[in-house]
Amino acid sequence: MEGSAKQKVPGGKLVYVRLSVLPDRRIAKAVILGDFFIYPENAIADIERSIAGISLDEGEGVFVKAIAKSVTDDDAELIGVTPEAIAKVIKSVVVT
Amino acid sequence: MKWRVMELGVNDAFTNMAIDEAICDSVRDGSAMPTIRFYRWKPSAVSIGCFQGMMEEVNVDLCKKLGIDVIRRRTGGGAVYHDYNGEVTYSVIAPLDAFPKGIRESYMVICGWVINGLSRLGINAYFAPINDIAVDGKKISGNAQTRRDGILLQHGTVLYDLDLKTMFSVLNVSKEKISDKMIKSAEERVTKVRSFADVPIDALYNALLDGFVEGKEYTKEGLSAKERSSAEALAQSVYRSDEWNFSR
């Protein structure tokens, strides 16, 4: 199953999330697109990986926690986007 | 600190982005001075931010038809239509310790040089966070920065003229939105040097040059032979490749 959603971060940039989801609703693959900035840039791959395996039925907080941990582990800096904003867009994805 | 200033050059998109990366490498290994570079894009091109999806952002088929190059930047930020007749682009490449540690603060410093340049044409511009420069509430310059292995690269464009019709046809705005209303709304949000100063594009370049170098020790110098060959190799292996440009 696949789905996508986009949302403008208030006072920030656009976040567009594309998800591939397993039949049990766990995320198989996430792609996070947008006009935001992440330093270092390759931290995006770790953020995307951090979401894989989480069920789309989990609450927003679970996604925030996973993304924030990945950001901290990579010592990354987000500009124009936040873990909360990404989590919010993920939760708004409708998969078919 | 002494700077190298590279005078306004004209290259295709792939060469332009490869030159930036080649300079980053030579500044990092100490074989080149920190560099300020000015350039234009020929043919005109669309660049997208490194986290954007090419197919989401760009009408690639139309770009092919119109001979407009498409390229993914190393920097984040949004999709930009680089009209050969419509803008001057700059790059600043220097060790990170030449700038404030904070990303926003370092944007402010370099955008200050752009603002200084525009003031020489009588244009009263100001920094509009996160990464824009504006005049009277309208964007006149977009900027993007990356930091890698101790080197800061910031590049940005200054709008000299606007071809909104082409811009909206090559960037993926839904067809319904390319109406007079949409163009009017863009005109309310974006502006250009020509709205304030009836000068040729070279005058914009000269004003920016003066604004960037004020108070700096510098020498005007081109690429080294090593940088040129490294840029040619990077253009071929990375920036012309679908693997890079269509990776997301």
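Naming convention: chains lettered A, B, ... in sequence-line order (proteins, then strands); numbering from 1 in each chain.
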With side chain to side chain donor-acceptor pair (under 3.5 Å) as the test, would you mind laying out the steps for His155(B) and Thr89(B) before giving the verdict? CA-CA 7 Å; His155(B) 43 209; Thr89(B) 306; over 6 Å; no
Walk me through whether Asp83(B) and Tyr160(B) qualify under side chain to side chain donor-acceptor pair (under 3.5 Å). CA-CA 9 Å; Asp83(B) 180 0; Tyr160(B) 169 74; over 6 Å; no
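Residues of residues 102-110 of chain B lying under 4.5 angstrom from chain A, judged on non-hydrogen atoms, are Ile103(B), Arg104(B), Tyr107(B) by number. Residues of residues 129-142 of chain B placed with any heavy atom under 4.5 Å of a heavy atom in chain A are listed by number as Ile130(B), Asn131(B). Residues of residues 241-248 of chain B placed with any heavy atom under 4.5 Å of a heavy atom in chain A are listed by number as Arg248(B).
Ranked by heavy-atom pairs under 4.5 Å with chain A, the first of Gln145(B), Arg74(B), Arg147(B), Glu57(B) is Gln145(B). The greatest number of non-hydrogen atom pairs below 4.5 Å with chain B, out of Val31(A), Ile32(A), Ile44(A), Asp35(A), is found for Asp35(A).
Neither the backbone nor the side chain of Ala79(B) comes within less than 4.5 Å of any heavy atom of chain A. The contact between Tyr39(A) and chain B is made entirely by side chain atoms (from C-beta outward), counting heavy-atom distances below 4.5 Å. Interface residue Glu56(B): only side-chain heavy atoms are found under 4.5 Å from chain A.
Residue pairs meeting the salt bridge (charged side-chain N to carboxylate O under 4.0 Å, His left out) criterion with at least one member in residues 49-67 of chain A, sequence neighbours excluded, are Arg25(A)-Asp57(A), Asp46(A)-Arg49(A).
Heavy-atom minimum distance, Ile115(B) versus Phe127(B): CD1-N, 3.4 Å. Nearest heavy-atom pair, Cys50(B) versus Arg73(B), reported as atom, atom and distance to 0.1 Å: CB-O, 3.1 Å.
Under a cut-off of 6.0 angstrom, the local environment of CG in Asn124(B) is sparse, with at most 12 non-hydrogen atoms contributed by other residues, nucleotides or ligands.
Between Phe36(A) and Phe51(B), the ring planes are parallel. Angles under 30° get that label, and only those over 60° would be called perpendicular.
Ion pair Arg37(B)/Asp20(B) flagged as a salt bridge, since at least one NZ, NE, NH1 or NH2 atom sits closer than 4.0 Å to an Asp/Glu carboxylate oxygen.
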